[in-house]
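Before any comments, here is the structure.
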Amino acid sequence: MKQRIFVNDVAVRDGFQIEREFVPTETKVALIDELSQTGLAKIEVTSFVSPKAIPNMRDAEQVLNLIDRVPDVIYSALVPNVRGVERAMQCNVDEINLFCSASESHNRANVNRTIAQSVQGFGEIMQALSGSDTKVNCSISTAFGCPFEGEVAPEKIYALVDQFIELGFDGVSIADTTGMANPKQVRELMNEIVKRYAEIEITLHFHNTRGMGLANVMAGLDVGVVHYDASLGGLGGCPFAPGASGNICTEDLVHMLELMGYNTGVNLDRLLKAARKIPGIVGHEVPGQVLKAGKSTELHSLASVGSSAG
């Protein structure tokens, strides 16, 4: 039996949040509904942050309340604090995604808090969720390097995960926020994390800033990580990290995994159909490669190819 790999799409949240123009609510809802029919394991649909900070997420409640939910899909939302959790819970979100940086500098730039203050806030959030069956995940940003501090010691990651397990979190996402990771680094860090923390769900979140995104996925697969974030069209980036371009592309990831014999559960043709709409929604080209070149299994007639003298 083919090994199952779980693909999570974050385009509607991580991708749309940094777009200059507001993406209409009905457009977000229609895209989420389309993605729900592709076989994705999880869709991060919005974030309950301040509309002043992230204007494109000002319709969080409307989006979650209007989508057509598919039973096997987890609908996740990013939240920064107790107030955000309260808003999300009123919309029956399936999973709360918290966030904290592994470096003090990035955490201050991102949320204006020390790491200790963020963790303390997570304790308050877990109290607010007491008695709820809502899943809780925390994304650890800059886990593979910080644009302000450089290398991040693995011990910092372990210390955070230890605290998150103590708080009762269901999973953690190890995030390469600025695309600084390389496959050797990913393999070494994740090999240790997978061995230490078998009791929680481990997700990898890569950016393709320096062209190593899918290579880093390969390193994660080598040590047994089966959950991956990606973004339709390759949208996204961190507004608080210089040079952090888009996430790895969902359709490129699925295309690669399926060719290698993994079972993603995703219908690639349906996914590509949704991806073709992204440039029109955001008003610019997107990095996705399969969208431009087509699937490698697509064959062409000789008559469609011009001759070459070289």
Side-chain angles (χ1 to χ4, degrees), residues 10 13-14 17-18 44 46-58 60 76-89 93 95-130 132 134-181 189 193 197 200 202-205 207 229 236-244 247:
V10 301
R13 196 283 298 175
D14 200 344
Q17 74 171 5
I18 63 171
E44 191 174 54
T46 192
S47 62
F48 287 88
V49 295
S50 166
K52 293 182 179 179
I54 309 290
N56 237 321
M57 298 290 105
R58 63 177 182 258
S76 175
L78 192 76
V79 299
N81 49 37
V82 171
R83 174 58 184 145
V85 167
E86 292 170 347
R87 291 172 59 198
M89 293 298 289
V93 69
E95 180 185 83
I96 296 293
N97 191 19
L98 308 176
F99 53 98
C100 176
S101 302
S103 70
E104 292 286 354
S105 298
H106 187 266
N107 207 63
R108 286 187 178 277
N110 198 14
V111 295
N112 196 28
R113 286 184 170 190
T114 65
I115 294 174
Q117 288 171 332
S118 286
V119 174
Q120 180 181 351
F122 295 161
E124 297 168 359
I125 286 172
M126 294 304 288
Q127 289 179 3
L129 287 169
S130 179
S132 167
T134 304
K135 293 179 64 177
V136 178
N137 182 79
C138 186
S139 294
I140 303 177
S141 303
T142 63
F144 296 96
C146 171
F148 310 113
E149 298 179 15
E151 293 185 11
V152 173
E155 287 71 23
K156 290 187 176 181
I157 312 300
Y158 309 149
L160 284 172
V161 178
D162 287 340
Q163 292 177 83
F164 297 160
I165 290 175
E166 186 175 346
L167 286 168
F169 290 8
D170 300 285
V172 294
S173 297
I174 310 299
D176 181 27
T177 312
T178 60
M180 295 172 70
L189 176 64
I193 285 178
Y197 306 112
I200 60 171
I202 304 293
T203 300
L204 276 167
H205 179 108
H207 285 234
D229 286 346
C238 177
F240 306 106
N247 299 271

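The shortest distance between side-chain heavy atoms of Arg83 and Glu86 falls below 4.5 Å. Between Leu78 and Phe99 there is a side-chain heavy-atom pair separated by less than 4.5 Å. The shortest distance between side-chain heavy atoms of Val136 and Met126 falls below 4.5 Å. Looking only at side-chain heavy atoms (C-beta outward), Leu129 and Met89 come within less than 4.5 Å of each other. The shortest distance between side-chain heavy atoms of Ile202 and Val172 falls below 4.5 Å. Taking 4.5 Å as the limit, some side-chain heavy atom of Ile193 sits within range of a side-chain heavy atom of Tyr158. Two residues are said to be in side-chain contact when any heavy atoms from C-beta on lie closer than 4.5 Å; Asp176 and Met180 meet this criterion.
Between Gly84 and Val79, the closest heavy-atom pair is O-CG1, 3.7 Å. Of all heavy-atom pairs spanning Val82 and Ala128, the tightest one is CG1-CB, 4.1 Å. Nearest approach of Arg113 to Gly121, heavy atoms of both residues: NH1-CA, 4.0 Å.
The distance from the CG atom of Asp229 to the NE2 atom of His207 is 9.0 Å, given to the nearest 0.5 Å. Note that CD1 of Ile18 and CG of Asn56 are 10.0 Å apart. Values are rounded to the nearest 0.5 Å. The line from CE of Met57 to CZ of Arg13 is 8.0 Å long, rounded to the nearest 0.5 Å. For the atom pair CD1 (Ile125) and OG (Ser130), the distance works out to 14.0 Å, reported to the nearest 0.5 Å. With values rounded to the nearest 0.5 angstrom, Ser118 atom OG is found 11.0 Å from Gln163 atom CD. Rounded to the nearest 0.5 angstrom, Gln127 CD and Leu167 CG are separated by 9.5 Å.
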Output a table of donor-acceptor pairs, distance under 3.5 Å, between side-chain atoms of residues 138-154 and any protein atom two or more places apart or on a different chain; print 'none' if there are none.
unit_1 : atom_1 : unit_2 : atom_2 : d
Ser139 : OG     : Asn97  : OD1    : 3.3
Ser139 : OG     : Asn97  : ND2    : 3.3
Thr142 : OG1    : Ala102 : N      : 3.4
Glu149 : OE2    : Glu104 : N      : 3.4
Glu149 : OE2    : Ser105 : N      : 2.8
Glu149 : OE2    : Ser105 : OG     : 2.7

Val85 and Asn81: side chain to side chain contact (heavy atoms under 4.5 Å, CB included), yes or no, with the steps?
CA-CA 6 Å; Val85 167; Asn81 49 37; over 6 Å; no

Can you list the steps and then say if Ser76 with Val93 is a side chain to side chain contact (heavy atoms under 4.5 Å, CB included)?
CA-CA 6 Å; Ser76 175; Val93 69; 5.6 Å; no

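Side-chain N/O atoms of Ser173 and Asn137 include a donor and acceptor closer than 3.5 Å. Side-chain atoms of Asn247 and His205 include a donor-acceptor pair closer than 3.5 Å.
Residues meeting the ring pair (Phe, Tyr, Trp, His ring centres under 6.0 Å) test with Phe48, sequence neighbours left out: none.
Here the side chain of Asn107 pairs a donor or acceptor atom with the backbone of Thr114 at under 3.5 angstrom.
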